[in-house]
There are 2 protein chains.
Amino acid sequence: MNSSTRATLGVRQAQKLKTRQALLDAALKLLEEQSLSSLGLREVTRVVGVAPAAFYRHFRDMAELGVALVEESLGSLHVMIRAVLAEQQEAEEVIDRSVEAVAEHVRRHPAHVRFVARERHGGVRAVREAIAAELARFGDEVADALAAQEVSRGWSAEDVRMLAGLYVDHLVMTASAFLEASADEQRVIADTARRQLRLISLGRRHWRAA
Amino acid sequence: MNSSTRATLGVRQAQKLKTRQALLDAALKLLEEQSLSSLGLREVTRVVGVAPAAFYRHFRDMAELGVALVEESLGSLHVMIRAVLAEQQEAEEVIDRSVEAVAEHVRRHPAHVRFVARERHGGVRAVREAIAAELARFGDEVADALAAQEVSRGWSAEDVRMLAGLYVDHLVMTASAFLEASADEQRVIADTARRQLRLISLGRRHWRAA
DNA sequence: CCCTGTGGCAAACAGTTGTTTACTGAATTC
DNA sequence: GAATTCAGTAAACAACTGTTTGCCACAGGG
């Protein structure tokens, strides 16, 4: 009668998913203060409270666990981005809304954000590639949203994609800047981010019109 | 009579510097495929061909070696940036010149660039802070150069610093994008980077004028 | 020329790591 | 209700880690 698991899932399978999630959670916690390539399998199982060998029932190695963490981490970000993109508002409002959304996302999922920022260029190839692929999908999604706006009339697909890339990069930079900042510094960062977006948006409106 | 070391340096001191440099070089090479927090002291000394204990004659631990690598890595970048900033040219030219300089820098010092990109958000606090401090100095330097240009007339110091931050971030993003790219992809990246800089420069010219 | 400072060495230390093995006991299937 | 599946266990493995110790060879100053 566990309400958090579907009734159709057997007790067996549900338990397995539970420890799998426990492994992911423990790893994410440990990764707040070290990087994936130095995180040991025993370290993780010790925190969860299972035998080291149990790890292999869920992941081939730490790299595979890392890829699973990428999906978990960027999944929530994906939801957030889609929500912001869906709102149809004035440019100024959409900027304020975006920065606020990023700030809140970092506040709610700091470990996820830190993990992505850290492993984006980290020492584990498979994880790097998973993050790159997911961020590329973000870029495409943003590009689609931009193309649908009337400001982009007459823009080539490449130019739209270029602008989308700029936005995604800026998002990632801003999010990781928030991470290590105190409350005071966070306000400064948010303010700077808004002005930067405003400047970009200005450049956008004058593109090919100058 | 070693021409690469000052004549005033005794044989003693010169030898010490030589193995110290060998340790740094070996570490940098090993760091192309892993991150600092997983790099072992024995691993480094083994490559150099000295006893593990010899490491302590030069660094307290790997974190200290990492900080030394930061200075080495960002030192060369610093020279490059200063050179570009010194040139007084038309906006369009300075953009082409900047992107070309970044591309060449990555071509000449890939391991250094990779190291900085990887450890900027990596698992070793001291190294993160050293990189952040150095990048902040870059930002100040760029800000000074921007402020001296007539386009910035009437700009507040904060706005100038905001724009400088945007440029520095863009530089780092572009450099790390170059890293894992093939020759073909590099051309695409360079082209995208140029267009992004052009858009930013456009926004800059219309700042507070719109 | 001898004395001293010191960069590097060999060896030993207690811990820790990833992986394999044979196993147990409970949920599932028939 | 018996047979089967399989998540998790305990123990052992060789290989490796960072750090300390006492020692040596030798450059450099007196």
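A, B, ... follow the sequence lines: proteins, then strands. Residue 1 opens every chain. Everything quoted here is computed from the prediction, not taken from an experiment.
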Exercise. Are A:S38 and B:S38 close enough that a side-chain donor and a side-chain acceptor fall under 3.5 Å?
Worked result: no
For this session: Would you sort out whether B:E141 and B:H78 count as a side-chain hydrogen bond (donor to acceptor under 3.5 Å, both in side chains), showing the intermediate values?
Result: CA-CA 10 Å; B:E141 204 158 332; B:H78 213 237; 2.8 Å; yes
For this session: Among the candidates C:dT19, D:dT20, D:dA10, find the nucleotide nearest to the side-chain atoms of A:A53.
Result: D:dA10
Exercise. Base, sugar-phosphate, or nothing: which does A:R46 touch, judged by heavy atoms less than 4.0 Å apart?
Worked result: sugar-phosphate
Exercise. Is any N or O donor-acceptor pair between the side chain of B:R12 and the base of C:dT6 shorter than 3.5 Å?
Worked result: yes
For this session: Take B:V11 and A:K16, find for each the nucleotide of DNA chain D with the closest heavy atom, and name the residue whose nucleotide sits nearer the 5' end.
Result: A:K16
Seminar exercise, completed: Rounded to whole Å, the CZ-C1' distance (B:R42 to C:dT16) equals 13 Å
For this session: Specify the separation, in whole Å, of atom OH of A:Y56 and atom P of D:dT9.
Result: 15 Å
Problem set entry | A:D61 CG - C:dT17 P separation (whole Å) | 16 Å
For this session: Spell out, as yes or no, whether a donor-acceptor pair under 3.5 Å connects the side chain of A:R118 to the backbone of B:H121.
Result: yes
Problem set entry | Integer-rounded Å distance: D:dC16 C1' and B:Q34 CD | 14 Å
Exercise. Does the B:E119 side chain pair with the main chain of B:L36, one donor and one acceptor, at a distance under 3.5 Å?
Worked result: yes
For this session: Record whether the side chain of B:R57 comes under 3.5 Å of the base of C:dT6 through a donor-acceptor pair of N or O atoms.
Result: no
Exercise. When the distance from CD of B:Q15 to C1' of C:dC9 is rounded to whole Å, what number comes out?
Worked result: 15 Å
Seminar exercise, completed: 5'-most contact on DNA chain C (nearest-nucleotide basis), B:G49 vs A:Q13, goes to B:G49
Problem set entry | Cationic N near anionic O, under 4.0 Å, A:E100 to A:R97 | no
For this session: Measure the distance from CG on A:L41 to P on D:dG8 and round it to the nearest whole Å.
Result: 14 Å
Problem set entry | Nearest-angstrom distance from the residue atom NZ of A:K18 to P of C:dA27 | 13 Å
For this session: Select base, sugar-phosphate, or nothing to describe what B:F55 touches, counting heavy atoms under 4.0 Å on all strands.
Result: nothing
For this session: Look at A:T19 and D:dG8 and indicate whether a side-chain polar atom (N or O) is within less than 4.0 Å of OP1 or OP2.
Result: yes
Exercise. How long is the line joining CG of A:L17 and C1' of D:dC6, in whole Å?
Worked result: 14 Å
